[in-house]
Amino acid sequence: MARQVAKQLYVKRVRFKSRKKGFEAPPLEALLRTIKKNAPNLAQRHWPLPEEGEEFSAGTSCLYIARFGTRQNQDGIYFEVGAYVHGRGEDQVALDLSGQDPDVYTGPIIDAAGKKRAIVHIFRCVALGETLLVENQRGTGGAMALARLLAAMFRTHVDPDFPNIELVDVASQDLRRDIEAGKGVESMMIRMLDGAPDEDDSYAMPLFSLRKRVKGAGKLQVFWEADDDRLDTDDVIAAVDESQEDETALDKVTIKLNNGSVINRLGRYRAKRPIMVTVDSHGVLHHSEIKSGLFEYLNDLRRPVKGWRLINDDGYFLVNKPAVSK
């Protein structure tokens, strides 16, 4: 009998961490189409890249990109990422409940043809502009592993000098709606931890200079208060987005609204969408529903709500924060 299971889709902003002056990041769909063209074989889209005549060491964590696809209007590109551990012996149980203890075997998985197999965790993605929609899937290494894989593929098949990338969580439209419902932001507090200075256009850079002004200071808190009605909502959301980056020096953002309420648990505003996916009577997940859900989410992110949307038609975020570290 068919049933449905919940899946979670996340929005990531791809941040190109380049120190090269004048670097302009191509749109993600163009980069992925180049990989599809220049790397037609799976071995070329596998990381680590295989060496001829040599097998990976047992326990090597591996990733690959496969199954590129588009929809009819060529808007965005779909791809799948697989993650597995080469040569790992898995615990396997024979379904026999008559004995005192379970019949467990630990070792390689061998199919009927005698071929060794590995358990693979697959997640689906859609990319457009600087936007990456990702199916949440355990056992894949998360956003950091995906960022390393993409950067390695871009350097291997597009440009050997391509920079590292980071997949940044972004605030959902719920944060903007709650700010508007609270009649705007009265004040915002940011706390900065001891750390390396960030790029020139970040919130962390001027705070880093201020923290150094007092010897022995490990933390710095800065408070902005509206001089009239409210702080600029885009500036506030840009600060929230920066605080979600992996290597940010910003430790905490607290927002006080004009109606007196306070927002300090920003994790709940992480842009995401739950979808329901069919599992048929044979236990097979209908992956096509995940693909459709990703493209529908991409459509909704660009659809204006009360005159505002998260990304534009080309997949670029509508906040005052560039995606390139200069």
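We use all heavy atoms of the structure for the numbers below, so side chains are in, but hydrogens, waters and symmetry mates are not. Start at 1 with the first residue, then count along the sequence.
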Please work out whether the ring planes of H86 and F56 are parallel, tilted or perpendicular, with thresholds of 30° and 60°.
perpendicular
With I109, which of Q92, R88, K116 fulfils side-chain contact (heavy atoms from CB on, under 4.5 Å)?
Q92
NZ/K256 to CZ/F223 distance, rounded to the nearest 0.5 angstrom?
7.0 Å
Let me check something: do I179 and W224 share a hydrophobic cluster, defined by ILVMFWY side-chain heavy atoms less than 4.5 Å apart, either directly or through other members?
yes
Salt bridge or not for D314 and R302, using N-O below 4.0 Å?
no
Are any of the side-chain heavy atoms of L133 and L301 separated by less than 4.5 Å?
yes
Verify whether the ring centers belonging to F23 and F162 lie closer than 6.0 Å.
yes
Can you tell me which residue among D169, D178, D174 is in a side chain to side chain donor-acceptor pair (under 3.5 Å) with Y269?
D178
Between N41 and A43, is there a donor-acceptor pair closer than 3.5 Å when you use the side chain of the first and the backbone of the second?
no
Nearest 0.5 angstrom please: L132 CG to R13 CZ, how far?
13.0 Å
Could you check whether any side-chain N or O of E186 sits under 3.5 Å from a backbone N or O of R230, counting only pairs where one atom can act as donor and the other as acceptor?
no
Closest heavy-atom pair, L285 versus K7, reported as atoms and distance to 0.1 Å, is CD2-CE, 3.9 Å
Kindly indicate whether the side chain of T156, heavy atoms from C-beta on, has any atom under 4.5 Å from the side chain of W47.
yes
Between D300 and Q173, which heavy-atom pair has the shortest distance, and what is it?
O-NE2, 4.3 Å
Hphob cluster co-occupancy, I290 + M276, side-chain heavy atoms under 4.5 angstrom
no
Over all heavy atoms of both residues, which pair between E180 and T233 is shortest? Give the atoms and the distance, please.
OE2-OG1, 3.6 Å
Candidate pair V126 and Y297, rule side-chain contact (heavy atoms from CB on, under 4.5 Å), full reasoning:
CA-CA 10 Å; V126 164; Y297 194 14; over 6 Å; no
Taking R303 for its side chain and R309 for its backbone only, find out whether a donor-acceptor pair lies under 3.5 Å.
no
Under 3.5 Å: donor-acceptor pair, side chain of N38, backbone of H157
yes
Which atoms form the tightest heavy-atom contact between R67 and Y78, and what is the distance?
O-CD2, 3.5 Å
Does N258 use its side chain to pair, donor to acceptor, with the backbone of D229 at less than 3.5 Å?
yes
Is there a path of hydrophobic side-chain contacts, each under 4.5 Å between heavy atoms, that joins M189 and V240?
no
Mind running salt bridge (charged side-chain N to carboxylate O under 4.0 Å, His left out) on D234 and R176 for me, showing each step along the way?
CA-CA 9 Å; D234 281 347; R176 185 176 294 270; 2.7 Å; yes
State which residues pass ring pair (Phe, Tyr, Trp, His ring centres under 6.0 Å) with F79; sequence neighbours excluded, sorted by chain then number.
none
Write down the atom of R71, the atom of D75, and the distance for their closest heavy-atom approach.
NE-O, 3.4 Å
Sidechain-backbone polar pair: S261 side chain, L257 backbone, donor-acceptor under 3.5 Å:
no
Quick one: do K291 and E80 make a salt bridge, cutoff under 4.0 Å?
no
If you group Ile, Leu, Val, Met, Phe, Trp and Tyr by side-chain heavy-atom gaps below 4.5 Å, do V85 and L49 land in one group?
no
I'd like to know if the side chain of Y105 reaches the main chain of A94, judged simply by a donor and an acceptor atom lying under 3.5 Å from each other, with no hydrogens or angles considered.
no
Taking CZ in R177 as the centre, count heavy atoms belonging to other residues, nucleotides or ligands within less than 6.0 Å. Is the count above 12?
yes
If you round to the nearest 0.5 Å, how far is CE of M188 from CD1 of I263?
12.0 Å
Is there a path of hydrophobic side-chain contacts, each under 4.5 Å between heavy atoms of I, L, V, M, F, W or Y residues, that connects L294 with V170?
yes
Under 3.5 Å: donor-acceptor pair, side chain of N136, backbone of Q8
no
Distance (rounded to the nearest 0.5 Å) between T70 OG1 and F295 CZ:
7.0 Å
How far does CG of L298 sit from CD1 of I311, to the nearest 0.5 angstrom?
5.0 Å
Backbone N/O of F154 and side chain of D159: donor-acceptor pair under 3.5 Å
no
From the list L150, I165, T131, side-chain contact (heavy atoms from CB on, under 4.5 Å) partner of V14 resolves to I165
For I35 and R45, what are the C-alpha separation, side-chain angles and deciding distance, and is it a side-chain contact (heavy atoms from CB on, under 4.5 Å)?
CA-CA 8 Å; I35 291 175; R45 290 177 269 109; 4.1 Å; yes
Residues, nucleotides or ligands: over 12 heavy atoms within 6.0 Å of R155 CZ
yes
I need the minimum non-hydrogen distance between G87 and A58, along with the two atoms involved.
O-CB, 4.0 Å
Determine whether Y84 and I119 make a side-chain contact, defined as any pair of heavy atoms from C-beta on separated by less than 4.5 Å.
no
Hey, could you give me the CD/CG distance between E130 and L28, rounded to the nearest 0.5 Å?
8.0 Å
